[in-house]
2 protein chains.
Amino acid sequence: MYERKIQEDLDCGIIVAMKVFGAKWKPCIIDAISRGAKRPSELHREITNTSPRVIDMQLSELVAYEILSKTIHPGFPLCVEYSLTELGESILPILARLNEWGIKNKEIVKKVSNQQNVNEDLTDKKNKWSTVSSVCQ
Amino acid sequence: MYERKIQEDLDCGIIVAMKVFGAKWKPCIIDAISRGAKRPSELHREITNTSPRVIDMQLSELVAYEILSKTIHPGFPLCVEYSLTELGESILPILARLNEWGIKNKEIVKKVSNQQNVNEDLTDKKNKWSTVSSVCQ
DNA sequence: TTTCATACCGAAAAATTATTCGGTACCTGA
DNA sequence: TCAGGTACCGAATAATTTTTCGGTATGAAA
């Protein structure tokens, strides 16, 4: 496991919040689950811009932080289901807020980005932050 | 300048929002300015957990995104002042929301972190995310 | 016994972000 | 001219996060 060299101040709310759901694919996963996806295989199928491994890692972090609960249904085929806890649900309005702000103000960001990258087409490339389908529309 | 290898989807609000104010020291800088600090030298004095260079870099990004406006008063000594634009002000309630969530739920994060790092004291270390003094109180 | 679908994980590599170091330039007063 | 305060910036390095690759395990059915 990676061990931080520089410690974090876990009494700062923003640090805490970003630690819990401020990672590239977490908003995307939380969003997909809030829309009904439950099983890892569903999520893998639905979120195709990253590898299953990435999703698995973030899922287990979200479980550790009690944003998701995990239920194992033994049998065949093995079935695992994730769902939002109450704590997880409480993140949704904040994500919506962030998304709303971003949608409203994306033009300025695009403008700045265009000033910098005068090259490349964006087709088929991957992103630092994950597009969150329903939230992002 | 660093050139991204993986492009971002700037139509996703969350991606945009995180690009604008989701960086280690930006909430801290925005917060300090909202509380009255204006000049770079003041910010350097007030935010001591990182180097002046870091603050300068983030300031100019925030100006590019029109979160801050920059006024140069020629004369001696040279005086530069940054202040929040209307767009910048619109971030404050979102930061407050993030902070509120984090404060309310920091215990679970601490618990998880303790399970992992059974070592090190936190004294004098630096953080991935910056403590935001008034917001974080 | 092999195969297939499920779910998961370790470790290295790549990408990105943050930090440090050592500068420049401007203006003024000593 | 030199020192001292202000504001800024390039480039190398370090730290962190994300991605890729190649596995393990379980149970059932062919």
**Report entry** Test side chain to side chain donor-acceptor pair (under 3.5 Å) applied to A/K38 - qualifying residues, sequence neighbours left out
**Finding:** none
Report summary line: Between CG of A/N49 and P of D/dT20 the distance, given in whole Å, is 11 Å
Query raised in the report: Expressed in angstrom and rounded to an integer, what is the separation of A/K19 atom NZ from D/dT18 atom P?
Result: 11 Å
Query raised in the report: Quick one: does B/D31's side chain have a donor or acceptor within less than 3.5 Å of a partner on B/P27's backbone?
Result: no
Query raised in the report: Could you write nucleotides 3-13 of chain C as a row of B, S and -, 5' to 3', where a protein heavy atom under 4.0 Å of any base atom gives B, of only sugar-phosphate atoms gives S, and otherwise -?
Result: ---SSBBBB--
Query raised in the report: In chain order, what residues pass the salt bridge (charged side-chain N to carboxylate O under 4.0 Å, His left out) check against B/K104, with sequence neighbours excluded?
Result: none
Query raised in the report: What pairs of residues pass the side-chain hydrogen bond (donor to acceptor under 3.5 Å, both in side chains) test when at least one of them lies in residues 84-95 of chain B, not counting sequence neighbours?
Result: A/W101-B/S90
Report summary line: DNA chain D in dot-bracket form (Watson-Crick or G-U pairs under 3.5 Å, [ ] crossing, | inter-strand) is ||||||||||||||||||||||||||||||
Query raised in the report: Pairs in or reaching into residues 62-100 of chain A: which pass ring pair (Phe, Tyr, Trp, His ring centres under 6.0 Å), with residues at least two apart or in two chains?
Result: none
**Report entry** Atom-pair distance (CD1 on A/I15; C1' on D/dT16), nearest Å
**Finding:** 15 Å
Report summary line: From CD of A/E3 across to P of D/dA15 the rounded distance in Å is 13 Å
Query raised in the report: Do the side-chain N or O atoms of A/R4 get closer than 4.0 angstrom to the phosphate oxygens (OP1, OP2) of D/dT16?
Result: yes
Report task. Please report, rounded to the nearest Å, how far the P atom of C/dT19 is from the NZ atom of B/K26. Result -> 13 Å
Query raised in the report: Of all residues at least two apart in sequence or in a different chain, which pass the salt bridge (charged side-chain N to carboxylate O under 4.0 Å, His left out) check with B/K70?
Result: none
Query - Rounded distance (Å) that lies between atom P of D/dT20 and atom CD1 of A/I55 - result: 12 Å
Requested in this report: Any pair with a residue in residues 52-64 of chain A that passes salt bridge (charged side-chain N to carboxylate O under 4.0 Å, His left out), sequence neighbours left out, goes on the list, sorted by first then second residue, please.
Outcome: A/K26-A/E61
Query raised in the report: For A/K111, what residues pass the salt bridge (charged side-chain N to carboxylate O under 4.0 Å, His left out) criterion, not counting sequence neighbours?
Result: B/E66
Query raised in the report: Looking at B/W25, does any N or O in its side chain come under 4.0 Å of the phosphate oxygens OP1/OP2 on C/dT19?
Result: yes
Query raised in the report: What's the CE-P distance between B/M18 and C/dT16, to the nearest Å?
Result: 18 Å
Query raised in the report: Has A/T50 got a side-chain N or O lying under 4.0 Å from the OP1 or OP2 atom of D/dT19?
Result: yes
Query raised in the report: What is the distance, rounded to the nearest whole Å, between atom OH of B/Y2 and atom C1' of D/dT16?
Result: 13 Å
Report task. Have a look at B/W25 and tell me which of B/N49, B/L43, B/I55, B/I30 forms a side chain to side chain contact (heavy atoms under 4.5 Å, CB included) with it. Result -> B/N49
